[in-house]
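Step one of this worksheet: look at the structure below.
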Amino acid sequence: MHLSLVALVVADYDPAIEFFVGTLGFELVEDSPAETNDGRPKRWVVVRPPGAATGLLLARADGAGQEAVIGQQTAGRVGFFLHVDDFEAAWQRLTDAGVEFTRPPRAEPYGQVAVFLDISGNKWDLIGPA
């Protein structure tokens with residue numbers, strides 16, 4: 001048993017793909033046409049870090065209720081954790097790419113960590129070895 005996908009509500013597919021693939025370096029696993037439960041067109045978009053088993057389903061918001069949670073799916077808490085082997089290189093690459101970090105890097109017992117925002121404003125921890 002394993003967790004295969006986590007849905008992440010986004011405003012639109014293409015900017016989200018550009019952020020996760022172009023900026024973070026994730027792989028675009030799938031981008032297929034699909035339909036909503038009531039027959040409207042949508043896309044099935046899955047991205048994931050290279051070599052990872054778990055991916056993100058980038059789900060375009062459908063209606064005001066879903067639009068309201070864009071960037072707030074975890075109620076303002078860090079809800080996503082991206083582990084990297086080389087923290088300094090990853091932090092520098094993301095900083096150079098314009099990713100917004102809300103706190104400077106710090107040392108914690110579990111490793112180096114810095115909080116950043118994704119394209120929608122969700123908080124992520126960038127985590128590297130101690």
Side-chain angles (χ1 to χ4, degrees):
M1 182 182 327
H2 73 277
L3 183 64
S4 63
L5 291 174
V6 173
L8 184 64
V9 180
V10 297
D12 201 5
Y13 298 112
D14 293 327
I17 292 169
E18 177 55 34
F19 178 81
F20 286 100
V21 174
T23 302
L24 293 187
F26 286 23
E27 299 171 336
L28 179 60
V29 177
E30 187 173 357
D31 185 354
S32 302
E35 291 185 352
T36 62
N37 290 336
D38 60 0
R40 291 174 289 119
K42 68 175 186 175
R43 288 160 60 186
W44 183 262
V45 178
V46 176
V47 297
R48 70 174 172 233
T54 303
L56 293 176
L57 173 67
L58 301 178
R60 185 183 63 202
D62 186 13
Q66 291 183 19
E67 289 171 1
V69 302
I70 294 173
Q72 292 298 316
Q73 287 186 207
T74 58
R77 296 184 60 116
V78 172
F80 306 94
F81 305 84
L82 184 61
H83 286 258
V84 296
D85 293 331
D86 186 339
F87 179 86
E88 286 298 322
W91 183 81
Q92 190 63 57
R93 184 177 62 77
L94 296 180
T95 299
D96 291 347
V99 172
E100 181 182 350
F101 282 86
T102 64
R103 297 182 199 158
R106 66 186 190 278
E108 295 289 346
Y110 53 84
Q112 293 292 314
V113 64
V115 178
F116 71 92
L117 302 178
D118 68 18
I119 188 171
S120 299
N122 294 296
K123 291 181 180 177
W124 290 65
D125 270 356
L126 177 68
I127 303 172

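Atom set for the values below is all heavy atoms of this structure, side chains included, hydrogens, waters and symmetry mates excluded. Index from 1, following the sequence.
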Discussion item. Quick one about Asn122 and Ser120 (side-chain donor to acceptor, distance below 3.5 Å, no hydrogens or angles considered), yes or no?
Written reply: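 Absent: no donor and acceptor within the cut-off.
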
How long is the straight-line distance from [atom2] of [Y] back to [atom1] of [X], given to the nearest 0.5 Å?
X: Leu58; Y: Tyr13; atom1: CG; atom2: OH; value: 9.0 Å
X: Arg60; Y: Leu8; atom1: CZ; atom2: CG; value: 14.5 Å
X: Leu24; Y: Arg93; atom1: CG; atom2: CZ; value: 7.0 Å
X: Leu57; Y: Leu5; atom1: CG; atom2: CG; value: 6.0 Å

Item to complete: Return the orientation label for the Trp124 and Phe26 ring planes: parallel under 30°, perpendicular over 60°, tilted otherwise.
Response: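 Trp124 vs Phe26 ring planes: perpendicular.
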
Fill in: Expected output: side-chain Arg77 to main-chain Lys123 donor-acceptor under 3.5 Å
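Side chain of Arg77 to backbone of Lys123: no pair is present.
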
Worksheet entry | Pairing residues for Glu27 by the side chain to side chain donor-acceptor pair (under 3.5 Å) criterion, not counting sequence neighbours |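 Scan of Glu27 (side chain to side chain donor-acceptor pair (under 3.5 Å), adjacent residues dropped) gives none.
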
Discussion item. Assess whether a salt bridge exists between Arg43 and Asp14, defined as any Lys/Arg side-chain N lying under 4.0 Å from an Asp/Glu carboxylate O.
Written reply: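 Result for this pair is yes, salt bridge flagged.
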
Worksheet item: Linking I/L/V/M/F/W/Y whenever any side-chain heavy atoms sit under 4.5 Å apart, do Leu56 and Val21 land together?
Response: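 Yes; tracing contacts between hydrophobic side chains, which count when under 4.5 Å, links both residues.
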
Discussion item. Do Phe80 and Phe19 land in one hydrophobic cluster if side-chain heavy atoms of ILVMFWY residues count as linked below 4.5 Å?
Written reply: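 Same cluster.
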
Worksheet entry | Under 4.5 Å side-chain linkage, directly or through intermediates, the cluster mates of Ile127 |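 Ile127 clusters with Val78, Phe81, Tyr110, Val113, Val115.
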
Worksheet entry | For Ile70, the rest of its hydrophobic cluster, which grows through side-chain links under 4.5 angstrom |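 Other cluster members: Val9, Val69.
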
Discussion item. Let's go through Phe20 and Asp118 carefully: what are the C-alpha distance in whole Å and the side-chain angles of both, what is the deciding distance for side-chain contact (heavy atoms from CB on, under 4.5 Å) to 0.1 Å, and is it a yes or a no?
Written reply: CA-CA 8 Å; Phe20 286 100; Asp118 68 18; 4.0 Å; yes

